[in-house]
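Remember, it's a predicted structure, so these values are computed and weren't measured experimentally.
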Amino acid sequence: NYKKKYSLQKKTLEHKFKVLSNDGYKICIARLFTFYGEHIDTKEALPDLILQGLKKKEIKINSNNNVFRSYMSDKKLIIFLLLILNKMKKNYFVLNIGSEKTISLNELANIISKILKKNVIKNINKNNSIDYYVPSVLRLKKFVNFKLEENFLKNLNLLIKFYKNKLNR
């Protein structure tokens, strides 16, 4: 199973970095979750949904699972990475970085469809399987003492405008 293999590799690498930190190296492992912005791969769900809405008559959700994510802007990610590097006192530190606000892929598609006035076509999830990838950011909030919240809807509208302008060039 891919997820089990990935999880095992991640834990193995984190352990190796922990050992290196005992030799005096300063190591911060930033576990990055889901981000959006002008430079995020357009194959990712959010830009893909936007581009479908801009190029086609409808937005199609291409997942057989009930997908849940949380989205943080790439700009906020950079701020957090710089804050962490600046504030890090320990030799070894592990942080999850991402938004704490969960949104389903269906909700996201519906929001984009309302903005772009397009219909949404959804696959029917017959087995009710769930794909949940949302971080616990309690340690991050405590460590950086900086507001996590963003105006997602405002940023989403700006991103849609960016892609619209890019397509019209």
Side-chain angles (χ1 to χ4, degrees), residues 1-52 61-109 111-112 123 125 127-156 158-159 162-163 166:
N1 186 340
Y2 170 78
K3 286 186 179 185
K4 286 182 183 178
K5 186 176 179 182
Y6 172 77
S7 179
L8 181 63
Q9 288 175 331
K10 184 176 79 165
K11 288 178 194 270
T12 301
L13 284 172
E14 285 181 5
H15 174 73
K16 288 182 180 187
F17 280 119
K18 175 85 171 138
V19 170
L20 274 175
S21 74
N22 294 334
D23 292 335
Y25 294 97
K26 283 190 128 188
I27 295 170
C28 178
I29 296 175
R31 294 181 185 147
L32 306 181
F33 281 73
T34 314
F35 301 90
Y36 65 92
E38 297 173 1
H39 305 289
I40 301 296
D41 187 347
T42 55
K43 292 180 183 88
E44 295 295 327
L46 179 57
D48 178 58
L49 292 172
I50 292 170
L51 289 169
Q52 282 186 57
I61 297 176
N62 297 313
S63 177
N64 293 322
N65 301 324
N66 291 318
V67 178
F68 296 89
R69 296 290 184 265
S70 63
Y71 288 92
M72 177 183 277
S73 73
D74 54 358
K75 292 169 183 65
K76 196 79 152 196
L77 166 63
I78 291 166
I79 290 168
F80 281 131
L81 289 174
L82 292 172
L83 281 169
I84 291 163
L85 287 172
N86 190 39
K87 293 180 84 167
M88 192 173 142
K89 303 275 188 264
K90 297 179 184 177
N91 278 4
Y92 182 78
F93 206 62
V94 179
L95 282 173
N96 294 334
I97 302 179
S99 171
E100 62 188 338
K101 294 192 177 183
T102 304
I103 187 168
S104 74
L105 193 58
N106 287 338
E107 289 175 90
L108 186 59
I111 292 168
I112 294 169
N123 289 337
N125 183 356
N127 63 2
N128 285 329
S129 57
I130 293 176
D131 178 355
Y132 189 84
Y133 191 67
V134 177
S136 167
V137 291
L138 294 173
R139 186 184 286 177
L140 175 67
K141 285 167 61 173
K142 189 175 176 182
F143 183 71
V144 297
N145 193 24
F146 191 81
K147 188 174 108 174
L148 283 179
E149 295 84 30
E150 299 181 272
N151 187 333
F152 180 71
L153 198 53
K154 177 184 170 195
N155 289 344
L156 181 60
L158 289 171
L159 191 59
F162 166 78
Y163 283 116
K166 192 173 178 179

**Student:** Would the number of heavy atoms belonging to other residues, nucleotides or ligands and lying under 6.0 Å from CG of Asp23 be above 12?
**Tutor:** yes
**Student:** Do the side-chain N and O atoms of Glu107 and Ser104 include a donor-acceptor pair separated by under 3.5 angstrom?
**Tutor:** yes
**Student:** List for me each residue that meets ring pair (Phe, Tyr, Trp, His ring centres under 6.0 Å) alongside Phe33, sequence neighbours excluded, and say none if there are none.
**Tutor:** Tyr133
**Student:** Please confirm whether the backbone N or O of Met88 pairs with a side-chain atom of Lys26, one donor and one acceptor, at under 3.5 Å?
**Tutor:** yes
**Student:** Does Leu138 reach the side chain of Leu140, with side-chain heavy atoms less than 4.5 Å apart?
**Tutor:** no
**Student:** Quick one: does Phe35's side chain get under 4.5 Å of Leu46's, heavy atoms only?
**Tutor:** no
**Student:** Under 6.0 Å from the NZ atom of Lys101, do we count more than 12 heavy atoms belonging to anything else shown?
**Tutor:** no
**Student:** Using a distance-only test with no angle check, is there a side-chain donor-acceptor pair under 3.5 angstrom linking Asn65 and Ser129?
**Tutor:** yes
**Student:** Spell out, as yes or no, whether a donor-acceptor pair under 3.5 Å connects the side chain of Ser70 to the backbone of Ser99.
**Tutor:** yes
**Student:** Report, as yes or no, whether the 6.0 Å neighbourhood of atom NZ on Lys87 holds more than 12 heavy atoms from other residues, nucleotides or ligands.
**Tutor:** yes
**Student:** Please answer whether the main-chain N or O of Glu150 pairs with a side-chain N or O of Lys76 as donor and acceptor at a distance below 3.5 Å.
**Tutor:** no
**Student:** Is it the case that the side chain of Arg69 and the backbone of Asp131 share a donor-acceptor pair, with hydrogens and angles ignored and the cut-off at 3.5 Å?
**Tutor:** yes
**Student:** Test side-chain contact (heavy atoms from CB on, under 4.5 Å) on Ile50 and Leu159 and set out the steps.
**Tutor:** CA-CA 9 Å; Ile50 292 170; Leu159 191 59; 3.8 Å; yes
**Student:** Is any side-chain heavy atom of Leu156 closer than 4.5 Å to a side-chain heavy atom of Ile111?
**Tutor:** yes
**Student:** Determine yes or no for a side-chain-to-main-chain donor-acceptor pair under 3.5 angstrom, with Glu44 supplying the side chain and Asp41 the backbone.
**Tutor:** no
**Student:** Applying salt bridge (charged side-chain N to carboxylate O under 4.0 Å, His left out), name anything that partners Arg139, two or more places apart in sequence or on another chain.
**Tutor:** none
**Student:** Could you tell me whether Tyr25 and Phe17 have their ring centroids closer than 6.0 angstrom?
**Tutor:** no
**Student:** Side chains of Leu105 and Asn66: does their closest heavy-atom pair fall under 4.5 Å?
**Tutor:** no
**Student:** Main chain of Glu14, side chain of Tyr92: is a donor-acceptor contact present, judged purely on distance under 3.5 Å?
**Tutor:** yes
**Student:** For Val134 and Glu100, work out which heavy atoms get closest and say how close.
**Tutor:** CG1-O, 4.5 Å
**Student:** Quick one: does Ser21's side chain have a donor or acceptor within less than 3.5 Å of a partner on Lys18's backbone?
**Tutor:** yes
**Student:** Main chain of Ser136, side chain of Asn96: is a donor-acceptor contact present, judged purely on distance under 3.5 Å?
**Tutor:** yes
